[in-house]
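Single-structure report; data block below.
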2 protein chains.
Amino acid sequence: MLTKKAYYAFQALTHLVEKYNDGPVLISEIAEQKKIPLKFLENILLQLKNTGVLDSKKGKGGGYFLKNKPSDTRIATVFRMIDGPIAMLPCVSLYFYQRCENCNEKFCGLHDILVEVRDATLNILENRTLADLALKDKNPVLHLKPYS
Amino acid sequence: MLTKKAYYAFQALTHLVEKYNDGPVLISEIAEQKKIPLKFLENILLQLKNTGVLDSKKGKGGGYFLKNKPSDTRIATVFRMIDGPIAMLPCVSLYFYQRCENCNEKFCGLHDILVEVRDATLNILENRTLADLALKDKNPVLHLKPYS
DNA sequence: AGCAAGTCTACTCATTTGGTAGGCTATTGT
DNA sequence: ACAATAGCCTACCAAATGAGTAGACTTGCT
């Protein structure tokens with residue numbers, strides 16, 4: 001499960017993608033729009049800045065904005081920054097690998113299964129970007145008369 | 001990430017798969033073999049019994065054993081029993097669904113992405129069973145002479 | 001100068017995780 | 001019958017994590 005922090009991060013990023021090219025956006029605006037506790041959001045945005053996803057401007061007219069084009073930041077990257085490993089066990093993680101103490105990977109059926117899960121997951125998360133978060137009409141309204 | 005509880009559960013199940021047909025296995029044997037704290041393992045096995053994966057026998061000659069054939073219990077099932085939802089957000093969970101409060105699924109890019117992840121993950125976890133946990137030689141030794 | 005932003009440090013509180021302790025109950029061998 | 005065996009059950013506990021909050025500080029703009 002995603003933490004709330006990561007969930008908020010993605011919501012905030014969604015907002016920033018939608019406002020991309022509109023200049024810096026206030027923390028307070030995002031907090032209000034997305035109903036995220038302001039001070040908590042501060043932490044999150046700061047963390048996203050420190051890891052290179054966002055940039056900010058202080059003073060009047062300041063705020064947060066995406067450092068790069070939306071399509072240049074992978075979902076997987078944000079994920080790892082906020083929640084850490086994507087894999088289900090350290091012994092199958094690419095970025096946070098740690099050897100199992102009690103089991104030999106060579107003979108561990110669970111390891112195999114979780115590697116498959118990891119690869120399937122990464123195949124998605126590494127190939128989607130912030131651009132994919134933005135609002136899009138998935139159910140185009142078909143301007144039909146209601147029956148009867 | 002899996003909890004330790006789930007990890008222990010899978011280790012214990014692996015042992016029980018390997019001893020399938022050998023009759024009941026003592027908790028203490030599993031605990032020792034897999035280096036799992038005994039009392040913690042008790043809880044775990046009991047939970048697996050109460051949810052229908054394992055069965056047990058008391059008294060001398062007793063112990064735990066698989067209730068069904070290894071190939072009849074899906075990995076996904078065990079997963080859900082111990083750690084709960086497999087999906088990354090409640091709003092994309094099949095078994096633990098809960099609506100998002102702040103976002104409209106119809107217009108949420110994140111939702112789409114996480115549905116994909118869920119499907120890819122389940123495709124694996126629902127199609128692997130306890131039988132896949134068991135020890136198998138993945139790197140067959142090629143009886144070659146060491147060079148020189 | 002003075003205001004408007006973000007930045008930083010440090011707390012707090014609730015929940016979950018990862019256990020432990022100890023007695024109770026059912027089964028079985030003698 | 002009864003002791004030994006082995007799982008069952010209730011309760012507790014400590015550390016870590018998650019989810020925030022408070023408040024002072026810095027920087028940039030006008």
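Everything quoted here is computed from the prediction, not taken from an experiment. Reminder, nothing fancy here: chain letters follow the sequence lines and each chain counts from 1.
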Is the number of heavy atoms from other residues, nucleotides or ligands within 6.0 Å of OH (Y97(A)) greater than 12?
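Yes, the 6.0 Å shell around OH holds more than 12 heavy atoms from other groups.
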Is it the case that over 12 heavy atoms from other parts of the model lie below 6.0 angstrom from the CD atom of E32(A)?
no
Give a yes/no answer on whether the side chain of Y8(B) brings an N or O atom under 4.0 Å of OP1 or OP2 in dG18(C).
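Result: no.
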Is K5(A) near enough to dG20(D) that one of its side-chain N or O atoms lies under 4.0 angstrom from OP1 or OP2?
no
Residue pair K57(A)/K4(A) against DNA chain D: nearer the 5' end by closest nucleotide is K4(A)
Pick the nucleotide of DNA chain D nearest each of K60(A) and E42(B); which residue has the one closer to the 5' end?
E42(B)
With respect to the side chain of [X], which nucleotide from [options] is positioned closest?
{"X": "L46(A)", "options": "dT21(D), dA19(D), dC8(C)", "answer": "dC8(C)"}
{"X": "K58(B)", "options": "dT20(C), dA26(C), dT26(D)", "answer": "dA26(C)"}
{"X": "F40(A)", "options": "dG20(D), dG19(C), dG7(D)", "answer": "dG20(D)"}

Just how far, in rounded Å, is [atom2] of [N] from [atom1] of [X]?
{"X": "L2(B)", "N": "dT16(C)", "atom1": "CG", "atom2": "P", "value": "18 Å"}
{"X": "N50(B)", "N": "dG7(D)", "atom1": "CG", "atom2": "P", "value": "15 Å"}
{"X": "L26(A)", "N": "dC3(C)", "atom1": "CG", "atom2": "P", "value": "18 Å"}
{"X": "L38(A)", "N": "dA5(C)", "atom1": "CG", "atom2": "P", "value": "12 Å"}
{"X": "D83(A)", "N": "dT17(D)", "atom1": "CG", "atom2": "P", "value": "13 Å"}
{"X": "Q47(B)", "N": "dG18(C)", "atom1": "CD", "atom2": "C1'", "value": "13 Å"}
{"X": "N43(B)", "N": "dA21(C)", "atom1": "CG", "atom2": "P", "value": "13 Å"}
{"X": "L48(B)", "N": "dG7(D)", "atom1": "CG", "atom2": "P", "value": "14 Å"}

Heavy atoms only, 4.0 Å cut-off, all strands: where does K39(B) land among base, sugar-phosphate and nothing?
base
Heavy atoms only, 4.0 Å cut-off, all strands: where does L45(B) land among base, sugar-phosphate and nothing?
nothing
Does one side chain, of Q11(A) or K35(A), offer a donor that lies under 3.5 Å from an acceptor on the other?
no
